[in-house]
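Indexing begins at 1, ligand by ligand and atom by atom, following the structure's order.
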Amino acid sequence: MRIGILGSGLMGGKLGTLFARAGHDVVFSYARSEQKLEKLAREAKGGARAGTPGEAARDAEALLLAVHWSRVDDVLKQAGDVSGKVIMTCSLPMSSDDSGLVIAHTSSGAEALAKKVRRAHVVSAFGTVPSEVLFGVYEARRRTNRPSLVYCGDAQRAKDITASLIRDVGFDPVDAGPLRIARYLEPFTLLIAQLAYEGEGGPELAYRFLRYGK
Ligand SMILES: NC(=O)c1ccc[n+]([C@@H]2O[C@H](COP(=O)([O-])OP(=O)(O)OC[C@H]3O[C@@H](n4cnc5c(N)ncnc54)[C@H](OP(=O)(O)O)[C@@H]3O)[C@@H](O)[C@H]2O)c1
């Protein structure tokens, strides 16, 4: 699959690297230095290259939006026409000082994004785990009991593409329903962040849902 990374920081850099290692064609874009994007592409090996957000979006079947909430409008403007594209977002609608969500309860960052890009298919995914755990999960992908990763969205094809990419990086995808469920998913992410960064044991934290009974 051709995947464009919009925001190549902690999340985008690592997820793009793992998508490339899993065999996808990846374009890393949107960092403050071109050299950083080139280094990411070199080290990801396989089919990865550096580009502008416009280049990342042009041929992509799926885009990963991984920027601070305050940069969403800028990166979308640079990406240009995203009609018909699958946009997987891990971007949380955090205030500029990262002290809290600026959209919650009655909407979510993912829904606000979908309103900005009405002709794209937005899926909320990948944001419910800290970046620090991503490589470890990928390395353990052949073991049983993979960690869960929740995602939600309104377009089935976009969700299917997202679920297959979630599997490719080592998680067990859990379909949480329509995009409005991001209202619950985004605050859940803050709980995970609390456990990862303030709890004991370090940030290499993932989660797994278990069902009991028949
Ligand atoms: N980190 C996590 O564990 C985590 C977990 C769940 C959700 N999230 C969410 O995921 C999103 C991305 O988080 P992150 O931690 O990956 O952020 P990050 O490391 O700061 O990455 C953001 C990317 O945007 C780029 N950028 C920022 N300002 C720019 C500008 N003016 N021009 C061009 N590029 C610019 C950064 O460039 P540089 O590379 O040059 O800095 C970086 O590549 C956020 O919305 C966050 O809430 C993060």
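Residue contacts with ligand 1: G127 is placed with no nitrogen or oxygen under 3.5 Å of a nitrogen or oxygen of the ligand (distance criterion only). No N or O atom of W69 sits closer than 3.5 Å to an N or O atom of ligand 1. An N or O contact shorter than 3.5 Å is missing between P130 and ligand 1 by distance. Residue Y197 places at least one N or O, backbone or side chain, under 3.5 Å from an N or O of ligand 1.
Checked against a 6.0 Å centroid threshold, the rings of F126 and F19 count as neighbours.
At a threshold of 4.0 Å, the pair K39-E43 counts as salt-bridged, since one of the basic side-chain nitrogens sits closer than that to a carboxylate oxygen.
The shortest contact between atom 44 (C) of ligand 1 and any protein heavy atom is with V67 O, 3.3 Å. The shortest contact between atom 46 (C) of ligand 1 and any protein heavy atom is with L92 N, 4.2 Å. Of the protein's non-hydrogen atoms, R32 NH2, 4.0 Å is the one closest to atom 36 (C) of ligand 1.
E111 contributes atom CD, which lies 9.0 Å from atom CD1 of I103 (distance to the nearest 0.5 angstrom).
In M11, the parts holding a heavy atom less than 4.0 Å from any atom of ligand 1 are both the side chain and the backbone.
When the shell of 6.0 Å around OH of Y184 is examined, it contains 12 or fewer heavy atoms from other residues, nucleotides or ligands.
Among P203, A66, S131, the residue whose heavy atom lies closest to atom 22 (C) of ligand 1 is A66.
The contact set between ligand 1 and C90, taken as ligand atoms under 4.0 Å from a residue heavy atom, comprises 7 (C), 8 (N), 9 (C), 10 (O).
Under a 4.0 angstrom heavy-atom cut-off, V129 registers as being in contact with ligand 1.
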